[in-house]
Every structure is written in structure tokens, then in C-alpha cells.
Amino acid sequence: MPTEQEVRTHLQKIAYPGSRHDIVTLGLVSEIGLHGSDVVVHFRPSSASDQVLQHLGGKITAALSALPGVEHVVVHDGRRRLGGGQQRPVAAPAKSPLPGVGKVIAVASGKGGVGKSTVSVNLALALKALGNRVGVLDADVYGPSIPLMMGSEATPRAGDDKKIYPVEKYGISLISMGFFLDDQSPVIWRGPIVMGIIRQFLRDVIWGDLDYLVVDLPPGTGDAVLTLAQEIPLNGGVIVSTPQDVALLDVNRGIAMFKQVHVPIIGIVENMSYYLCPHCGEREEIFGHGGVKKTGLEVLGEIPIVEEIRTGGDEGKPMVLQSPDHAVSRAFHTIANRVMQASPKTLH
Amino acid sequence: MPHPALIIPVMEEKSLRILWDDDLLSEYSFTYLRGWCPCAVCQGHGGTRNFIPVENPQLESISAVGNYAITPRWTDGHDTGIYTFEYLRTLSEQHETLSQEQAKG
């Protein structure tokens, strides 16, 4: 039977995945117990994922079982709460703590009415068309419009495990506040309630395996957006704006907000860029085309005003799906490509 | 910007360890970490960098903020410090300088 010191020496040969530091030096091993021919190793509560702990548990078992006199090796994960009692364990600030979800892309705007939800829906469908598994989280709690735009009237399924399963529409997994409200009732909640609901979405929704989750943020740079950006681990931000100077004023606030919460901005989409007259074919630049260049952000695409985008949204048949060869749909494919370049999908 | 690969509070040593994804291992005593709390309540708005000593601070829990920071909750209820990873790196890399500042008070 080995001594505690001998066990420790053996554990010191086990490195943390991706590191040259061993698990004892890191402090990951909190306790070693010797009971007859059994060895019990306790992990300290930490931000390590279940997979890493399982992997290390396997290595520990293999290493210690080989020692003479050892019959059983038991490894306890660090599930005990910090300091005992009711407290939460150490939250992992992982790059994406949403299980199964690859990259989380936020679509934001400095102000309302610039077509943020339209861009979210069509960007999601374009990402899907490029071979990705895609989900949409409609985080615009005050004006959830994605169910209408996607033509989805189904309600998310609640499992016996108290988890929420997203609605599937056009091959996209979808969760929206709109599913839980009727059309008439206004959303008159204050910040804390909104945050509670968003947290529940993040915690209890089973997304399955996704390459991209497109998050449609509420408009503006107010309390709800800021908190959301802190609560959801965003990998990249796409800003939507119309080209006139008045709208661009607010874009700068959006940029500053993303900087504040350390979310890299992938670029800007110029929506309502110009109007193509269906009668004479003349191009009318109502809001002054190209204005978004002034922001200094990479212009991901320019979306003209065409009636089909509007009808597509109102009828729940998004443009990218309805007319994939239309100039608008091609613009969305370009945007999706650039998003993929800036935020490459994680290999599963 | 390096990202933490592992965060471990070692309660009996009253310290927090962070293993970064570039393999740097940082260690912060609770006294040091709490004293350099970046929140406005501790730092004020004067533009100066202040060490606010707290006697024997105890960590209650740690939560993640977005993908850029953590917030410790201390047993005296203080939980307003958002420690960005950048700030935590600074606290680690400038440990010597900051400890001297801390000693001067």
C-alpha cells in the first residue's frame, strides 16, 4: 500500500490538459484519502469542465491502480459547493458555456427600426445555407418579432427534465420571448425580470449541437442590452444601421458598448441602403448610401429596400429562403461568409 | 488576450489560482485580490488607483461575466467588482509594483 506522499508524487506526473502544470501544483487535488486498499482522490471545486475532470479521473485511476497494494481508486469531482452550504460553485468563464453551441454572434443596432431582426433571420438562414447548424435566440424581449418573421406559431416543448426545447423552423432552432406572450399583451417588465428570463433561456434551453447561435439583441444601448452582452458569452458582434447620419450617431454608441464588454465587432450591415424602383429600375438613395463607411467598421454588406424583404418578413417567408438568387439574398450570403471568416466554426 | 483555462479558489490558502491558456499560472491572495477591487465603490471616480484593505476577506463564490471577466462575491456581500481578464493579468504581471503600492497605503 503506498503512502499519501507516494500517491501525491504519482499525481504530480499528471499534467492538466494543454498545460505543463500538473494537477497537484495547480491545486486541483484537494485531498487524498487512504482506506485499506482503497485510494480516494478529491478534486477541489473549480471552473474545470466535466469532460476535463472525467479525463483526469481516468488518468488518475489508471496511474494509481498500477501501484502495488491498491485495489480501488475513487475520484470525487469538485461538485461540493465553495465553502459548503447553499453557495454556487465556481462558474466557468468558458469561451462558450452554452453546451453544444459553437460561436455566438450578436446582432445589434444603436437604435430601433433599422431592420435588426430582418438581418438576424436572413443571416441565420444564409449561415444555414452554407452548411452550418444554426440557432436563433430572439433576445429582443420587448418586441419579439422573430416568430412572425420566421412564420413559426409552434411553442417550444418543455421536457420532463424542465428543460426547454427550441422550435424548429426552416432547419433553424428558435427561441423567442414571443412564444410565451400573446400578441396583445405589452411587455411591461423591469430589468431584473427580463434578466431572469434571459438567464432561464441560457440555462434551460437545450440547443443541441450548433455551429452558430445568432442572438437578436434588443435595440439601443440601454440596460437590457448591456446586461445581455455580459450574461451571454458573445464571440462576435454584427451592427445593423441605416446610412443616414442620425442613425450613425447611435451606431457609435453601439460600438462603444461592444468595446465595453469586450466583444469583437465583425462589421456593420448597411440596411435600407438604396431603393430600386420596380418600375423604372432607377436606384434611389433615400438615406444616403454608403454612410456606414464613416463608422470605420468593415462593411459586411449593403441591403437595398425591396418590397419582398418586407412581405417576406410579414408573411414569415424570409427572403433568403424565398428567392435565394435575388441580389438581397446574395448580399446575405456574403455577410454570412464574412461572419464565418471572422468567427470560424468550432470543429465538433 | 490570454483567457483563463482554469480558475481555482484554494480556500485554505486564501488564494485564487488562475491557469491561463498561454500556460502562465497566476496566484492571488484574497487580501490582494479584494484590495485591488476595480469597482467604482472601491476605486471612486478620482482617476487614482487605490488599494482598499479589507481584513481577512473570505470568498463566497465566483461567477463569469460575458466572456471577458469574473465577479467574485465576498462573504461580506461585496460583489460589484468586475475583474476583466486583462485586469487580472495586470494584477499578476505587476504583482511586485502593486504590492509595494499596497504596503505604502
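Note on naming: letters A, B, ... go to the chains in the order of the sequence lines (proteins, then strands), and numbering restarts at 1 for each one.
Atom CZ of B:Arg89 sits about 12.0 Å away from atom OG1 of B:Thr84, to the nearest 0.5 Å. We find the OH-CD1 distance between B:Tyr68 and B:Ile82 to be 5.0 Å, quoted to the nearest 0.5 Å.
Using bins of under 30°, 30° to 60° and over 60° for the plane-to-plane angle, the ring pair B:Trp74/B:Phe30 lands in the perpendicular bin.
Only the side chain of B:Glu86 comes within less than 4.5 Å of a heavy atom in chain A; its backbone stays farther off. Residue contact with chain A, scored on non-hydrogen atoms closer than 4.5 Å, is absent for B:Glu27. Residue contact with chain A, scored on non-hydrogen atoms closer than 4.5 Å, involves the side chain of B:Leu19 exclusively.
In this structure, A:Asp204 does not pair ionically with A:Lys162, as no charged nitrogen and carboxylate oxygen lie closer than 4.0 Å.
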